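Okay, so here's the structure we're looking at.
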Amino acid sequence: MFFRLYRYGIRQTVRQKLIMFWSLLFPIILGTLFRAAFGEYIEEEVVFHQIPVAYVEEQENSAFSETLKSLETDSELVKVIQTDDKKARKFLEEDRVEGIFYSKASEQSESAEDTVVLTVKKQGKNQSILSSILEQYQRVYHTMQTISNKNPAGLLDAMETMQQQCQYLKESSISDTPKNVMTDYFYALIAMNCLMGVSMGLEIAVKCKANLSALAARRVVSGTSRLGMLIPDLLAKITIQFLCTVFSVCYLMFAMKIELGDKFGFVMLTTLIGSIVGIFMGFFIGALGTYKESLKEGVCVCCMMLSSFLAGLMVGGMYRFLENHAPIVNRINPASLIVKSLYSLNIYDGYEKYSQCIISLLVIAAIFGVGAFIMMRRERYASI
């Protein structure tokens with residue numbers, strides 16, 4: 001009997017086009033729109049890449065050549081293209097490089113050293129970095145030249161001190177997964193997808209309340225216990241909601257190329273528990289009182305959207321704002337806990353923060369589930 005009801009529950013859910021649209025297609029559509037809207041911004045403004053720069057050595061300058069080589073190989077800050085003036089200007093016009101370093105002979109200097117100048121086409125973040133590189137090189141060069149003329153014995157110590165002070169930006173991360181602020185929107189999208197199960201949970205409750213549907217009236221007077229009907233339905237809905245969420249996550253990771261980390265198993269565990277919370281939330285709302293189904297459906301949608309809003313789906317940084325001003329909200333909001341659990345997988349080396357979020361989600365699911373079962377168990381009807 002259990003497996004038959006479980007199988008029927010899956011078939012019935014799959015055939016409901018509206019539920020399948022919101023649980024499966026809508027998150028995919030929204031994720032695609034997010035990627036289209038944020039993709040170019042992420043690549044240009046958030047993610048740092050090596051800066052392509054042309055180097056034209058009209059006069060040999062071993063010191064600056066070694067500096068650029070160090071920045072390219074050690075710091076991975078720039079990508080140097082050594083070429084002639086004509087090709088360098090062509091690359092600059094075609095935006096293939098962000099600037100041109102020229103090593104020109106100094107006519108005013110009595111030494112054979114060279115003067116380095118920078119040519120750029122526009123002003124921006126990369127151009128500012130290139131300008132800073134040149135300024136720091138010139139400052140160090142003139143400092144070393146002064147020390148060499150006045151105190152040659154201290155030149156070696158000065159070189160070691162300068163080497164320690166010259167730190168450049170390097171493309172790296174505190175963990176194995178690249179981070180950017182836009183990833184938070186996709187975390188919140190996954191959380192919303194998990195909570196989409198409220199509609200399925202509401203349907204389970206409606207099918208067991210004789211005052212809301214004719215099907216529920218027939219089920220109440222049947223010989224099967226109410227618990228024996230609820231458990232297969234709940235498991236069927238959890239299965240479908242979990243599979244829909246997994247499909248959406250895989251679409252974001254492999255089709256949209258969204259970096260969600262390499263701990264795929266824990267991500268799946270989070271979506272499973274999040275789906276359970278969503279189903280039990282709808283089940284709990286459906287079990288409350290004798291209100292009409294339309295009213296309860298509105299409450300479900302409001303709870304899901306409010307939870308997603310507080311997790312940062314509509315306004316970026318909402319989670320951090322609440323963490324500073326009302327941290328209790330993040331401790332009891334299911335969507336925020338899902339977002340934090342996904343975020344902690346990619347930020348922290350250990351699993352302490354992740355375990356706290358998962359335990360909180362399980363406690364919330366248990367509260368919703370136990371509360372709904374108690375309310376459904378005590379219901380009696382004078383007549384049907």
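Small disclaimer: the values here were computed from a predicted structure and weren't measured.
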Look up atom [atom1] in [X] and atom [atom2] in [Y], then write down how far apart they are to the nearest 0.5 Å.
X: L252; Y: R35; atom1: CG; atom2: CZ; answer: 10.0 Å
X: L202; Y: L288; atom1: CG; atom2: CG; answer: 10.5 Å
X: I347; Y: L342; atom1: CD1; atom2: CG; answer: 12.0 Å
X: M256; Y: I28; atom1: CE; atom2: CD1; answer: 10.0 Å
X: I19; Y: K17; atom1: CD1; atom2: NZ; answer: 13.5 Å
X: E98; Y: L130; atom1: CD; atom2: CG; answer: 7.5 Å

Considering only heavy atoms from C-beta outward, does the side chain of [X] approach that of [Y] to under 4.5 Å?
X: F264; Y: M253; value: yes
X: F34; Y: L313; value: yes
X: L235; Y: F2; value: yes
X: K86; Y: R89; value: no
X: L337; Y: Q356; value: no
X: M314; Y: M305; value: yes
X: T183; Y: Y343; value: no
X: K292; Y: K296; value: no

Side-chain hydrophobic cluster, 4.5 Å single linkage: members besides V117: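 Cluster partners of V117: V56, I81, F91, L92, V97, I100, Y102.
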For [X] and [Y], indicate whether the former's side chain and the latter's backbone hold a donor-acceptor pair under 3.5 Å.
X: K237; Y: M200; result: no
X: S65; Y: N61; result: yes
X: E93; Y: K90; result: no
X: N330; Y: S336; result: no
X: S344; Y: S341; result: yes
X: N346; Y: L260; result: yes
X: T271; Y: M268; result: yes
X: K209; Y: G289; result: yes
X: Q241; Y: L195; result: no

R331 bridged to E323 by N-O distance under 4.0 Å: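 The answer is yes: the pair qualifies as a salt bridge.
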Mutual orientation of the aromatic rings belonging to Y354 and Y351 [parallel < 30°, tilted 30-60°, perpendicular > 60°]: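 The rings of Y354 and Y351 stand perpendicular, inter-plane angle above 60°.
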Cluster link F26 to V14, ILVMFWY, side chain under 4.5 Å: yes
Cluster check F186, L25: I/L/V/M/F/W/Y, side chain < 4.5 angstrom: yes
If you compare all heavy atoms of [X] against all heavy atoms of [Y], which two are closest, and at what distance to 0.1 Å?
X: L24; Y: F247; value: CD1-CD2, 3.6 Å
X: A88; Y: A54; value: CB-CB, 3.9 Å
X: C208; Y: L230; value: SG-CD2, 3.3 Å
X: A311; Y: N333; value: N-ND2, 4.0 Å
X: A365; Y: V277; value: CB-CG2, 3.8 Å
X: I338; Y: G274; value: CD1-CA, 3.8 Å

Residue [X] excluded, over 12 heavy atoms near [atom1] under 6.0 Å:
X: K353; atom1: NZ; result: no
X: Y291; atom1: OH; result: no
X: Y6; atom1: OH; result: yes
X: Q123; atom1: CD; result: no
X: F3; atom1: CZ; result: no
X: K263; atom1: NZ; result: yes
X: F321; atom1: CZ; result: no

Q50 and E72: side chain donor to acceptor below 3.5 Å: no
Ring centre gap for F280 and F368 strictly below 6.0 Å: no
Aromatic contact, F283 with F373 (centres under 6.0 Å): yes
M20 vs C244, side chain to side chain contact (heavy atoms under 4.5 Å, CB included): CA-CA, chis, key distance, verdict: CA-CA 8 Å; M20 295 305 298; C244 290; 3.8 Å; yes
Side chain to side chain contact (heavy atoms under 4.5 Å, CB included) assessment of L310 paired with L322: CA-CA 8 Å; L310 296 177; L322 292 174; 3.8 Å; yes
Side chain to side chain contact (heavy atoms under 4.5 Å, CB included) between V78 and I133, intermediate numbers included: CA-CA 10 Å; V78 297; I133 291 173; 4.0 Å; yes
